[in-house]
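Quantities reported herein were computed from a predicted structural model and do not represent experimental measurements. Numbered from 1 within each chain, the chains take letters A, B, ... in sequence-line order.
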Number of protein chains: 2
Amino acid sequence: MTGPATRTRRSDATRAAILRAARERFAADGYDRATIRAIAADAHIDPSMVMRYYGSKEGLFAAAAEFDLHLPDLAEVPPDRLGETLTRHFVRRWEADGTLVALLRAAATNPGAADRMRGIFAGQLATAVARSGADPATAERRAGLVASQILGLALTRYVVRLPPVVDLDPDELAAWVGPTIQRYLTQPFPPSRASGR
Amino acid sequence: MTGPATRTRRSDATRAAILRAARERFAADGYDRATIRAIAADAHIDPSMVMRYYGSKEGLFAAAAEFDLHLPDLAEVPPDRLGETLTRHFVRRWEADGTLVALLRAAATNPGAADRMRGIFAGQLATAVARSGADPATAERRAGLVASQILGLALTRYVVRLPPVVDLDPDELAAWVGPTIQRYLTQPFPPSRASGR
DNA sequence: GTCTATAATTCGATAGAC
DNA sequence: GTCTATCGAATTATAGAC
């Protein structure tokens with residue numbers, strides 16, 4: 001009963017508390033303003049513990065910014081509902097977990113965070129788009145356009161907090177932004193105004 | 001001829017040099033990382049001069065973040081070319097002047113900068129949209145949606161630097177993003193998937 | 001008007017007691 | 001494993017000489 005397996009290791013709880021506090025602080029304040037001292041205070045531990053467990057502020061951020069978009073397999077989504085599905089997914093995902101907003105805030109000033117953001121969208125999003133039926137030759141470009149609208153939505157809704165964007169509910173967002181994403185994914189290529197090639 | 005009116009006052013040149021350097025530093029590094037020392041070094045003056053002229057770092061930023069989108073009168077733009085016109089205008093505007101990118105970077109972590117960003121888009125953009133022929137009752141919402149795509153484009157192209165977005169030239173941007181802006185401005189309201197009301 | 005010197009904070013990181 | 005104490009560096013801001 002008192003063996004090492006039954007006694008929950010304090011360090012695990014401490015590590016988890018630090019990570020949770022770090023995500024909140026990084027999301028709320030960005031990389032620079034989020035201090036190790038403040039994160040430690042939120043987690044009710046000593047600042048030196050953060051250093052002990054994560055080595056440095058960079059290391060803590062790297063651990064806190066692990067992020068899986070949990071994108072659905074777009075090959076199994078009805079082709080005419082790709083935009084709506086993706087829009088609703090993103091809104092749900094980042095309202096349930098502030099990590100992506102933290103990453104977005106940090107990416108504005110921290111090169112490492114910007115690099116990680118590029119990695120997420122090049123890896124996870126571009127990969128998902130490639131499975132949506134898009135021509136592989138254009139998939140990366142389409143993913144970039146999708147990112148421009150999706151991240152712009154996150155920026156205006158959660159960071160800058162533009163009132164008209166904050167006020168939209170998920171259904172309205174899907175109705176307005178969904179068709180944009182749909183067009184970026186399915187519009188014949190190239191979409192030049194002179195139409196032809 | 002040698003009166004005070006003909007002799008260019010040194011202080012004016014110094015103030016202008018400080019402001020120019022501040023815009024570049026704020027754009028490149030964001031509010032926190034852009035230091036008064038670095039700005040002063042860029043302007044080849046002493047850091048204390050910055051304090052003398054602008055009072056504080058906040059005051060300097062406030063002066064450097066004055067920004068006029070120079071939006072055209074949308075009442076004079078052919079209604080079917082609103083999206084393309086606006087998209088090209090924004091790309092041209094912020095590639096000629098890094099102030100908006102500076103403001104965007106700063107807004108990610110600095111509440112004052114976010115407030116200013118809201119002011120610009122509520123004031124200048126919403127006002128322009130209201131003159132585009134949009135129903136006044138929906139103009140603010142349409143402006144918010146336009147902002148979400150336009151700022152997302154700036155974010156992915158100039159801050160995060162997603163390669164596929166960076167690689168698009170102005171013509172391609174107008175062809176891809178223009179229709180999005182056009183739809184946000186002219187799509188009948190509401191755009192629900194269930195179409196009718 | 002311009003610069004030197006420095007005050008007053010605050011931060012990340014380290015050393016070491018317990 | 002956890003905390004106290006503190007270092008060294010960097011920052012904004014101020015005081016005052018010239």
Side-chain angles (χ1 to χ4, degrees), chain A residues 2-26 28-65 102 105-106 109-113, chain B residues 2-22 25-26 28-65 102 105-106 109-113:
Chain A
T2 50
T6 49
R7 178 169 42 104
T8 300
R9 283 178 46 217
R10 179 85 82 91
S11 61
D12 290 347
T14 302
R15 291 184 77 100
I18 292 173
L19 222 51
R20 201 177 331 119
R23 290 207 172 95
E24 284 177 18
R25 278 285 172 182
F26 282 131
D29 302 337
Y31 183 84
D32 291 310
R33 293 172 115 89
T35 66
I36 288 185
R37 287 165 149 82
I39 291 168
D42 289 351
H44 300 101
I45 52 99
D46 191 90
S48 64
M49 294 279 80
V50 178
M51 302 300 298
R52 179 174 179 84
Y53 287 138
Y54 295 98
S56 68
K57 188 178 181 180
E58 281 280 352
L60 173 62
F61 180 77
R105 268 203 156 92
T109 54
N110 187 274
Chain B
T2 52
T6 49
R7 176 169 46 103
T8 301
R9 283 176 47 216
R10 179 84 83 92
S11 61
D12 289 347
T14 301
R15 291 184 78 100
I18 292 172
L19 221 51
R20 201 176 331 119
R25 279 285 171 181
F26 282 132
D29 302 337
Y31 182 83
D32 292 308
R33 294 172 116 88
T35 66
I36 289 186
R37 287 164 146 80
I39 291 167
D42 289 351
H44 300 103
I45 51 98
D46 191 87
S48 64
M49 294 279 80
V50 178
M51 302 300 299
R52 179 176 178 85
Y53 287 138
Y54 295 98
S56 68
K57 188 178 180 179
E58 280 281 352
L60 173 62
F61 180 78
R105 266 202 157 90
T109 54
N110 187 274

Taken to the nearest whole Å, CD1/B:I39 to C1'/D:dA13 is 15 Å
Compare all side-chain heavy atoms of B:L60 with those of B:L19 and state whether any distance is below 4.5 angstrom. yes
Nearest to side-chain heavy atoms of A:R37, which nucleotide of C:dT4, C:dC11, C:dG1: C:dC11
Rounded to whole angstroms, how far apart are CD1 on A:I45 and P on D:dT4? 12 Å
To the nearest angstrom, the CZ-P distance between A:R25 and C:dC11 comes to 11 Å
Any side-chain heavy atom of A:T35 sitting closer than 4.5 Å to one from A:R25? no
Length of the CG-P vector between B:D29 and D:dT11, whole Å: 11 Å
Classify the ring geometry between B:F26 and B:Y31 as parallel (under 30°), tilted (30 to 60°) or perpendicular (over 60°). parallel
side-chain N/O B:S48 vs D:dA13 OP1/OP2, d < 4.0 Å: no
Nucleotide D:dT14, atom P - distance to CE of B:M51 in whole Å: 5 Å
Nearest-Å distance, CG (A:L60) to C1' (C:dA13)? 14 Å
Closest of D:dT4, C:dA13, C:dC3 to the A:K57 side chain is C:dA13
